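To start, the structure under review is shown below, and the notes come after it.
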Amino acid sequence: MDKLSDTLGRFGGVYLLPVALGAVAFVLIGAPSSWVTLTVAGLAMGMMLFLMASGLSLVFGLMDVMNFGHSAFVSFGAFVAASVLAGLSSWLGSDSVVLASAALMLALLAAIAFGLAVGLFFETVIIRPVYQDHLRQILITMGALIVSEQIILAVWGGTPITVLRPGFLEGAWIIGDVSIEVYRLFAFALGAYVFAGLMILLNRTRIGLLIRAGVENREMVEALGFKINRLFIGVFMLGSALAALGGAMWAGYETLITPALGGEMMIVVFIVVIIGGLGSIEGTLLGAIIVGLTANYVGYLTPKLALASNMILMMAILMWRPSGLKPAVK
Amino acid sequence: MTLLSVRKMKTNIGQYAVLHDVSFDVPEGGVFVLLGRNGAGKTTTLRSIMGLWQPSPGSVQFKGQDIAGMATADISRLGIAFVPENMGIFGGLTVEENLVLATAKGKFDQARLRRIYELFPALEQFWSKQAWSLSGGQKQMLSVARAIIEPRALILIDEPTKGLAPSIVAAMGEAFREIAQSATILLVEQNFNFARNLGRDMAVIEDGRVVHSGTMADFSADTDLQGQLLGLSA
């Protein structure tokens, strides 16, 4: 394992893993057009998973909180965005790209705003009383996830909801034999923008410096004169808003959502965070891309193994790197 | 004039009583040394003063203000810096980022920065390096530099020489002498030879209680007392 790590390190380290994964898949799939389609789908899925998981990773790393209710934010984001889009269906149906874009923007902003509000409630009412107590955190946040699902069931009902999409995001670009869905490109671009924004926030601002320092050593941040609790609230709200945005994007990707969405996504989101390494945004992106690519490649090559593939991937990576691919320095 | 006055401080960690009755006065200026054997309660005393473990009951007066029970961040803002035993540096941050985080407004006072470069030239050399890549001595220098990048009245330093090479220990001693000209240092140290060359006043903690306090000159001269309290042989 050490030799493998050293060799990888010389050629770009863990960042080469998605490239290696793509190369292996290229050989196994055989058809270049299918490979390109699957790769774009995998990258888009990875970016949406990144949106959902990045906040969880920061909360895990900074606050040492195991929030199993995180995927409730994903669900709320999906349903709030679906409702806004349904309410603005006339804008979506119009020929005006401006109106359709405005409807999409409003839906995403509503999901983010709802995520911020629910995140504030979660942190102050549910999480704060159980800091430093992992067992109670698991129990209470699992409970919160179940309650959230029931709230969604009560408000939106149990029937699957169809999610409308703006016309300009429908369809696919056909280049030769390759078909690339426009929505997937949009999801990839949005995820890339959010990643760039987070990197700027973390590496170019004082707040980001504090978050990075807090992930490593909360106590020392306090000893330097900073109120860590305020930082906790801010990071928690940011994480829940990103999860809600990810949920909204996922809703548009799936186009049919049910109240069980949060529970279904929870395991995948945790796999992404664990593979990437706790507290690291770069690690979360890496984990999300690898999970997205693996799910698409394995789903094509051996559909029966699709569900197990990410679990196998996580076990393999944890055997190689117990702290994940790119954990924050502790 | 007394800068810090600790009275009847008791601290429990979980269900264990670690400090039973800690009382001492730190005069303004110079180095005050807290001595004691392993597990006597020296680190707990510093952490309790800093608010990282809450003392109760008892009082901790800093410049006449009771700071017992205050949040750590508020205690820090009163002008108390802390250099923990494990150095507490942020390994994923660069040397510059570690220091800028300790500034009040995110900007360096250039005069203080120059002084830090003079005290610890290695920090200027490794300015853009991530702190995890520094040697043990350099990490300790960074930890101390972080405590003095802003003007502080009191600096709590916990076992700064532990595991360091003799040449680094000597350099650290010189740095502390220089720092003590403009701030008061409360130093916890097991290396008695290092401590006696620096300290003006001292106290000895044993089993969570202060069992002796006085001047370092008197304590250094009394080898019997050293043997009795610290287990040092003449």
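All values derive from a computational prediction rather than experimental measurement. Chain letters run A, B, ... following the sequence lines, proteins first, then strands; residues in each count from 1.
- To the nearest 0.5 Å, atom CD of residue Glu96(B) and atom CG of residue Leu209(A) are 9.5 Å apart.
- Between Ala223(A) and Ser76(B), the closest heavy-atom pair is O-OG, 3.0 Å.
- Looking at Ile89(B), only its backbone comes within 4.5 Å of chain A, counting heavy atoms on both sides.
- The local environment of CD1 in Ile13(B) is crowded, with over 12 non-hydrogen atoms from other residues, nucleotides or ligands closer than 6.0 Å.
- With hydrogens and angles disregarded, a donor-acceptor distance shorter than 3.5 Å links the side chain of Glu216(A) to the backbone of Gly92(B).
- For the pair Phe90(B) and Leu224(A), the minimum side-chain heavy-atom distance is below 4.5 Å.
- Residues satisfying the side-chain hydrogen bond (donor to acceptor under 3.5 Å, both in side chains) criterion with Thr11(B), sequence neighbours excluded, are Ser48(B).
- With sequence neighbours left out, the side-chain contact (heavy atoms from CB on, under 4.5 Å) criterion links Leu120(A) to Thr124(A), Ile233(A), Met237(A).
- Heavy atoms of Thr103(B) lying under 4.5 Å from chain A belong to its backbone as well as its side chain.
- Applying the 6.0 Å contact sphere to OH of Tyr131(A) captures more than 12 heavy atoms from other residues, nucleotides or ligands.
- Residues Arg206(A) and Val100(B) share a closest heavy-atom pair of NH1-O, 3.1 Å.
- Annotation: side chain of Glu219(A) is not in contact with side chain of Met50(B) (no heavy-atom distance under 4.5 Å).
- Listed here is the closest heavy atom pair of Asn217(A) and Gly88(B): ND2-CA, 3.7 Å.
- Looking at Ala104(B), only its backbone comes within 4.5 Å of chain A, counting heavy atoms on both sides.
- Other residues, nucleotides and ligands contribute more than 12 heavy atoms inside 6.0 Å of the CE atom of Met199(A).
- Using a 4.5 Å cut-off between heavy atoms, Ile228(A) does not touch chain B at all.
- Enclosure of atom CD1 in Ile207(A) is not indicated, since only 12 or fewer non-hydrogen atoms of other residues, nucleotides or ligands lie within 6.0 angstrom.
- Interface check for chain A: of the options Ile75(B), Leu93(B), Asn98(B), the most heavy-atom pairs under 4.5 Å are formed by Leu93(B).
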